Amino acid sequence: MTATDSIAELRTAVDQAARTLRGGEPTSPEPSLERPPKPELGDYSSNAAMLLAAPLGESPRDVAAQLCAELERELGPSDSIGRLEVAGPGFVNLFLSDAWYRRAMERLGEAGDALGPAPIDSPERVLVEFVSANPTGPLHVGGGRHAAYGDAVVRLLEAVGHDVQREFYVNDAGGQIERFASSIAAAMTGSEPPEDGYRGDYVTELAERLRVEGVDPAKLDAVGGRGVALILEEVRATLSRFGVKFDSWVSERDLYERGAVDAALAQLEQGSHTYRSDGALWLRTTEFGDDKDRVLVRADGEPTYLAADVAYHLDKLERGFGRLIDVLGADHHGYAPRLRSAIAALDTDADVLETLIMRLVHIVEDGERTQMAKRSGDFVSLDELLDDIGVDAARWFMLWRSHDTTVDLDLELARRESSDNPVYYVQYAHARIASILRKAGEGAAEEAVTADAPTPETALEPAEKELVKRLLEFPDEVREAAARRGPHRICAYSMAVASDFHAFYRDCQVVGAPGEGVEQSRMALCMLAKRTIAASLGLLGISAPERM
RNA sequence: GCGCCUGUAGCUCAGUUGGAUAGAGCGUCGGUCUACGAAACCGAAGGUCACAGGUUCGAAUCCUGUCAGGCGCGCCA
């Protein structure tokens, strides 16, 4: 028994009715069951008749009338349907009875905290790789967006039943590490950093720390190694403060050291997707749709970043993951086709790889976009942002827009502790419910949800019905958000729940409500709303406070 | 030049397996505390869904083209 049953039941009934009209054949695409734009149009509506009109060769409204008759038969003996109407171009609108709502609430209560969708039929082992920022400096707000997004996507995928792991790929090999090392070494000896080197206060601080530790600035390997280790420590600390915990960290350098890169190259050569030209080893990625072939091993014998990344992705596959999700920055989107090609060249379906492209975060203050931190003059670090607006607001404002669009993070709005600030608005609703339930007394609310309460004689208020319908949307919202990798949908949904709750609270007295069973029924509804808000915020990694 | 992404209210954005009069937040203007949290609620103003064609009962959504913006097109990572 899952919380979706009430909706699923209706959907099945519509489906069945449509099937009957077509002599048993299923309708394609599936008929919709959605909440119509206006309350006069019923509680739910379906477009089934419009879909059936063409194959049946009849007018949509005629089909709709037949469908209504069929639905009456389908749901007739029960008391759930108030009435059915044909409207507009051929919509079938369903008006549901209080009994239907009461039953829906009971089922939600039975579900307890398991409000999400039923586990999907074919769960996958998924590896989500995200952040993977170069270990040459502290995490910036951009990395923070990757972290918030990747983490929320993992939570969503888990919520629908996948087996998911979070991974951070550490690019601790290659040219940028050498530049990083020479930059620190230069700061240690007081000389000029290299042309394309790293600057900023943190480099000076690292230099000082290494000097104290007695690291020899002439030994670049040691300087780089220690520098990376210290940066990684800091990155971990920042992520942990942000509430993001990776299950695994894979080092690029380690891939080289254990021969994974050579092995991957050998496998590619064996598959004869490579060739030599101008002294370099090339991967024929054009065979798989890339615009040009790519170098795997340079003429000087050094493997490219791509070579290591092929080895890395091969390693992911060998660990048994059936789906690989890479969260990439917008400036890396051109990289995706080669990676797909490489995977295809390894005789694996390239579709196991999914690349999600993240756009930038702009920090907005005083109506102006800025990326610079005031103090350090460097890019705004995630830590500075967290100092300023806190973890919950930071996560919210990084998640409430699609990953596909740049985010303008308005610091003044994010700092505000009022309903202007959507994250406080949602959290406030949760705290307000908690307060109401406290008022009712310990355990009274739990009891209201679970006990067999007498059915109230008074009819449900419109605001109560709206709230119930909203709560019933939760499983579909989670499914949809997970399928589209779109946690921002959950932000919008949680605002809607909060808004519907406030409307309910305005119209309906809870504690001390007159009428037998009314108080109990409304307390149960409060409890259900509270659980749903907590679950929604939980998917975003945001806390649901009992008091504010 | 080629490729990917984007163009919806004053601002920032939701809204794609095609559905009814296109939504939210902020901002602006105006109202509401003798019921359980006013950190709230209600209302108003605000739109040629970039533009032009096409597909059909129906298009912000699908197709084609144009314009504008972002990003990418390394033997960098």
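Below, read A as the first sequence line, B as the second, and so on, with proteins coming before strands; counting in each chain starts at 1. Everything quoted here is computed from the prediction, not taken from an experiment.
- Pair check for B/rC62 finds B/rG54; Watson-Crick or G-U wobble, both atom distances under 3.5 Å.
- As judged by a 4.0 angstrom heavy-atom cut-off over every strand, A/His488 is placed among residues touching the sugar-phosphate backbone only.
- Residues A/Tyr425 and A/His502 place their aromatic rings such that the two centres sit under 6.0 Å apart.
- Not a single donor-acceptor contact under 3.5 angstrom links the side-chain atoms of A/Arg359 to the base of B/rU6.
- Of the nucleotides present, none pairs with B/rA39 by Watson-Crick or G-U wobble criteria with both distances under 3.5 Å.
- Atom-to-atom, CG of A/Leu399 to P of B/rC13 comes out at 15 Å; the value is rounded to the nearest Å.
- Under 3.5 Å, the side chain of A/His333 and the base of B/rG3 form at least one donor-acceptor pair of N or O atoms.
- For A/Arg432, the listed nucleotide lying nearest its side chain is B/rA38; candidates were B/rA38, B/rG19, B/rC36.
- Between the P atom of B/rA39 and the CZ atom of A/Arg416 lies a distance of 15 Å, rounded to the nearest Å.
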Walk me through it: do A/Phe501 and A/His430 pass the test ring pair (Phe, Tyr, Trp, His ring centres under 6.0 Å)?
CA-CA 9 Å; A/Phe501 174 76; A/His430 187 268; over 10 Å; no
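- Atom P of nucleotide B/rC71 and atom NE2 of A/His362 are separated by 9 Å, given to the nearest angstrom.
- One finds no side-chain N or O of A/Arg35 lying less than 4.0 angstrom from the OP1 or OP2 phosphate oxygen of B/rG23.
- When rounded to the nearest whole Å, the span between CG of A/Asp404 and P of B/rC13 equals 12 Å.
- Nucleic acid contact class of A/Arg179 (heavy atoms, under 4.0 Å, all strands): none.
- Comparing A/Ser499 and A/Val510 along RNA chain B, the residue whose closest nucleotide (by nearest heavy atom) sits nearer the 5' end is A/Val510.
- A/Ser45 contributes a side-chain N or O that forms a donor-acceptor pair with the base of B/rA20 under 3.5 Å.
- Judged by Watson-Crick or G-U wobble contacts below 3.5 Å, the nucleotide B/rU17 has no partner.
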Under the criterion side chain to side chain donor-acceptor pair (under 3.5 Å), I'd like the reasoning laid out for A/Asp290 against A/Ser341: C-alpha separation, chi angles, the key distance, then a yes or no.
CA-CA 7 Å; A/Asp290 198 1; A/Ser341 304; 4.7 Å; no
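- For B/rG7, the paired nucleotide is B/rC67, the pair qualifying as Watson-Crick or G-U wobble because both relevant distances are below 3.5 Å.
- Counting heavy-atom neighbours within 6.0 Å of A/Glu30 CD, excluding the residue itself, gives a total of 12 or less.
- Note on A/Asn134: only backbone sugar-phosphate atoms sit closer than 4.0 angstrom, heavy atoms only; bases stay farther off.
- Contact between the side-chain N/O atoms of A/Arg506 and the OP1/OP2 oxygens of B/rC42 is found at a separation under 4.0 Å.
- B/rG19 has no stacking from A/Phe91 on its base ring, since the centres under 5.5 angstrom apart and planes within 30 degrees of parallel are not both found.
- Residue A/Ala431 is in base contact, counting any heavy-atom pair closer than 4.0 Å across all strands shown.
- B/rA24 and B/rU12 make up a base pair, with Watson-Crick or G-U wobble contacts both under 3.5 Å.
- For the residue pair A/Tyr335 and A/Asp309, a side-chain donor N or O sits within less than 3.5 Å of a side-chain acceptor on the partner.
- Glycosidic conformation of B/rC33: syn, with the torsion inside 90° of 0.
- At a cut-off of 3.5 angstrom, counting only N and O atoms as typed in the model, there is a donor on one side and an acceptor on the other between the side-chain of A/Asn93 and the base of B/rA20.
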Ring pair (Phe, Tyr, Trp, His ring centres under 6.0 Å) between A/Tyr149 and A/Phe130, intermediate numbers included
CA-CA 9 Å; A/Tyr149 178 74; A/Phe130 60 110; 8.6 Å; no
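- Closest to the side chain of A/Thr405, from the set B/rG37, B/rC5, B/rC13, is B/rC13.
- When both pairing distances are held under 3.5 Å, B/rC73 makes a Watson-Crick or G-U pair with B/rG1.
- Which of B/rU6, B/rC13, B/rG37 sits closest to the side chain of A/Arg547 comes down to B/rG37.
- Look at B/rU34: it lacks any Watson-Crick or wobble partner with both distances under 3.5 angstrom.
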Step by step, would you call A/Glu195 with A/Arg179 a salt bridge (Lys or Arg N to Asp or Glu O under 4.0 Å)?
CA-CA 9 Å; A/Glu195 187 68 18; A/Arg179 285 194 297 279; over 6 Å; no
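- Of the two residues contacting RNA chain B, namely A/Glu480 and A/Cys508, the nearest-nucleotide position lying further toward the 5' end is that of A/Glu480.
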